[in-house]
Amino acid sequence: AAAADAGAEIVAFVTSDFEAQGYLGAQYIMELLGGSGKVAVIQGQAGADNSEQRKNGAINGFEENGGEVVAVEAANWDRQTAYDIATNILQANPELQGIMCANDEMALGVVEAMKAAGVKDQVKVVGIDFIEEAKTSISNGELDGSVVMSPYLFGKAGLILALKAVQGQTINADMFWTPFALVNAGNVSQYDGWK
């Protein structure tokens with residue numbers, strides 16, 4: 001609506017499949033758990049589109065792969081909030097085995113909470129975004145994984161599409177999806193220099 005008010009026309013949109021990111025991370029946790037276990041989801045900001053999509057994807061990824069979702073909480077993308085929430089979820093569910101987080105900041109807080117409770121080996125933790133600290137944590141055998149996407153490719157795709165639009169070239173699709181993958185201890189070295 002704002003674009004139309006400004007007299008702009010949207011010719012294409014670059015995005016990533018946020019729901020599929022959450023699904024992939026949860027599915028990986030269930031692989032690590034052998035197809036069953038009590039799990040939880042920590043989303044970012046309740047109501048925010050990307051947070052809701054990642055949350056919904058994680059719930060589906062757990063439930064379709066044998067997980068029993070015992071808690072879904074919002075930690076507002078914040079590490080300390082996620083630490084506190086994960087501590088409370090674990091106290092209420094001592095058999096907890098996995099937590100999917102909507103970003104790495106929260107996932108790193110959850111890792112610290114599980115270490116403090118002495119159950120990091122029991123509880124698998126995966127985040128999204130593959131920030132530098134997540135890479136280090138994965139390499140150190142703490143964070144179990146991170147769903148990686150590419151802000152660089154987001155920007156590159158946006159620029160190419162903008163140039164095509166300005167030049168009057170034909171754009172054959174209205175939506176362009178950027179790739180993503182799951183990084184873990186087995187492949188983290190392949191993501192050196194990722195951007």
**Request:** Sequence neighbours left out, what passes side chain to side chain donor-acceptor pair (under 3.5 Å) with Asn140? Give chain and number order.
**Result:** none
**Item:** Sidechain-backbone polar pair: Ser51 side chain, Gly47 backbone, donor-acceptor under 3.5 Å
**Value:** no
**Message:** Looking at Asn93 and Glu95, would you say the former's side chain and the latter's main chain have a donor-acceptor pair under 3.5 Å?
**Reply:** no
**Message:** Has Asn56 got a side-chain atom pairing as donor or acceptor with Gln53's backbone, closer than 3.5 angstrom?
**Reply:** no
**Message:** Using side-chain heavy atoms (C-beta onward) and a distance below 4.5 Å, is Asp144 in contact with Ile29?
**Reply:** no
**Message:** Using only atom types and a distance under 3.5 Å, with no angle test, would you say the side chain of Ser146 pairs donor to acceptor with the backbone of Val183?
**Reply:** no
**Asked** Tell me, do Val39 and Lys124 make a side-chain contact under 4.5 Å, heavy atoms counted?
**Response** no
**Message:** I'd like to know if Met106 and Tyr83 are part of one continuous hydrophobic network [Ile/Leu/Val/Met/Phe/Trp/Tyr, side-chain heavy atoms within less than 4.5 Å].
**Reply:** no
**Asked** Short question: side chain of Asn184, backbone of Gly186 - any donor-acceptor pair under 3.5 Å?
**Response** yes
**Any donor-acceptor pair under 3.5 Å from Lys120 side chain to Val123 backbone** = yes
**Asked** Is a side-chain donor or acceptor of Gln122 paired with a backbone partner of Pro94 at a separation under 3.5 angstrom?
**Response** yes
**Asked** If you take all heavy atoms of Ala102 and Gly44, which pair is closest and at what distance?
**Response** CB-N, 3.7 Å
**Message:** Treating Asp104 as the side-chain partner and Ile128 as the backbone partner, does any N or O pair qualify as donor plus acceptor under 3.5 Å?
**Reply:** yes
**pair Val110-Ile42: side-chain heavy atoms closer than 4.5 Å** = yes
**Asked** Would you call Lys115 and Glu142 a salt bridge, using N to O less than 4.0 angstrom?
**Response** yes
**Request:** Please identify each residue that fulfils side chain to side chain donor-acceptor pair (under 3.5 Å) with Asn65, with sequence neighbours left out.
**Result:** Tyr23
**Prompt:** Which pair of non-hydrogen atoms, one from Ala134 and one from Leu108, has the smallest distance, and what is that distance?
**Reply:** N-CD1, 4.1 Å
**Item:** Lys/Arg-Asp/Glu bridge criterion (N-O < 4.0 Å) met for Glu133, Arg79
**Value:** yes
**Message:** Within the structure provided, determine whether Val41 and Ile99 are in side-chain contact (heavy-atom separation under 4.5 Å).
**Reply:** no
**Message:** I want to check something: taking the side chain as every heavy atom from C-beta on, are Val69 and Lys38 in contact at a cut-off of under 4.5 Å?
**Reply:** no
**Request:** Taking all heavy atoms of Leu143 and all of Ala107, pick out the closest pair and write down the distance.
**Result:** CD1-CB, 3.8 Å
**Asked** Going by distance alone, is a donor N or O of one side chain under 3.5 Å from an acceptor N or O of the other, for Gln43 and Glu52?
**Response** yes
**Asked** Same cluster for Val125 and Val188 if Ile/Leu/Val/Met/Phe/Trp/Tyr side chains link at under 4.5 Å?
**Response** yes
